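For ligands, and for the atoms within them, numbers begin at 1 and follow the listed sequence. The structure displayed is predicted, hence computed values, not measured ones.
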Amino acid sequence: MHHQKTTAYQPNAESEPAILSIAGSDPSGGAGIQADIKTFSAIGVFGCAAITCLTAQNTRGVVAFQPVEPAFVRRQIELVLEDLRVTHIKIGMVGAGPVAAAINAALTGFKGEVICDPILAATGGQALFNQEELADLLEHIIDRATVITPNLPELQTLTNHPCGRPEEALTAARTLFSRFTKLRTVIIKGGHLDETSGHVTDYLMQRTNQSDEPRIKSAAHPRIATINTHGTGCTFASAFAAFHLITGDDEQAFRKTVGFMDQLLVRSSKLKMGHGHGPLFHHLLRK
Ligand code: PLP
């Protein structure tokens, strides 16, 4: 049912490489595809976007969202993949189970990187994915991912394991490797761990081979005091995709992403936009 035939994936070898973001739209410009495209441009790669959901929101929070018709989501993705040389796909907000199935169908035959930011709720707590359809997200999206970038609450929901301490989070992430065979790398964003600490530690876990323990690297960095945190999750996953396109290496991409986020959060902390949780100001880092 879910694996309908699609147009053959025909990468155009002469084209420049591109990253396709499959995500929701945030009209206030802080998160979703708007954040993704800004991140790609700030880092210097070509970005394109297929929209899964429309949201109505501003910096004060998400008021409503409306998933795009699944067949139309699929068509957007197929037409881009038929034509552009997409080497990396970044998946953000999916919004609904049938949209997850449509994305999966559209990716039939895609051989590149699939970086998944498993978005379940907005920073303000509003649900962005129906919990009852979580099985669709796991079956159609996480199962496609080569890399996933959960924060701790997302990791806890995906694995059903407690993630209150670093060892628990690493144990939870290990279960993803045994469950999802295409998954090579899990990046755990540590922002929710010990929120009183002045430091944040992010973890990179890489599958070595199917039976071995994953290789674990970490990056500790200062916790930045700022109200402008809207879209940090989207930006992190997009930055990783962009740096991976440039370097072809998980660890380099991870370290560059952590440095990029630190710089962006510090620079953005000095500016004000809107009345609530402001966005990141990607254009400050343009080269
Ligand atoms: N994608 C969309 C369209 C959103 O509206 C939001 C949050 O409001 C997110 C993703 C998640 O944002 P963040 O990067 O802050 O986790």
Classify the contact between Q126 and ligand 1 as side chain, backbone, both or neither, using a heavy-atom distance cut-off of under 4.0 Å. neither
Is it true that K217 and D202 make a salt bridge, defined as a side-chain N closer than 4.0 Å to a carboxylate O? no
Name the residue from L120, V99, I91 that meets the side-chain contact (heavy atoms from CB on, under 4.5 Å) definition with L137. L120
Which part of L128 is near ligand 1, with near meaning a heavy atom under 4.0 Å away: side chain, backbone, both or neither? side chain
What's the shortest distance from atom 15 (O) of ligand 1 to any protein heavy atom, and which residue and atom give it? G231 N, 2.9 Å
List every atom of ligand 1 that sits less than 4.0 Å from any heavy atom of G24, numbering the atoms from 1 in the order shown and giving each element. 3 (C)
Please walk me through it: do F240 and I187 pass side-chain contact (heavy atoms from CB on, under 4.5 Å)? CA-CA 10 Å; F240 180 84; I187 297 174; 3.5 Å; yes
Salt bridge (Lys or Arg N to Asp or Glu O under 4.0 Å) with E113: of R184, K90, K182, only one passes, and it is R184
Please state which part of A31 comes within less than 4.0 Å of ligand 1, counting heavy atoms only: side chain, backbone, both or neither. side chain
Please say whether A122 places an N or O atom under 3.5 Å from an N or O atom belonging to ligand 1. no
Per-atom filter on ligand 1: closer than 4.0 angstrom to a heavy atom of C234 are 9 (C), 10 (C), 11 (C), 12 (O), 14 (O)
Is any side-chain heavy atom of F260 closer than 4.5 Å to a side-chain heavy atom of F243? yes
For ligand 1, which atoms sit closer than 4.0 Å to a heavy atom of M93? 1 (N), 2 (C), 3 (C)
Any chance the rings of H221 and H199 have centres within less than 6.0 Å? no
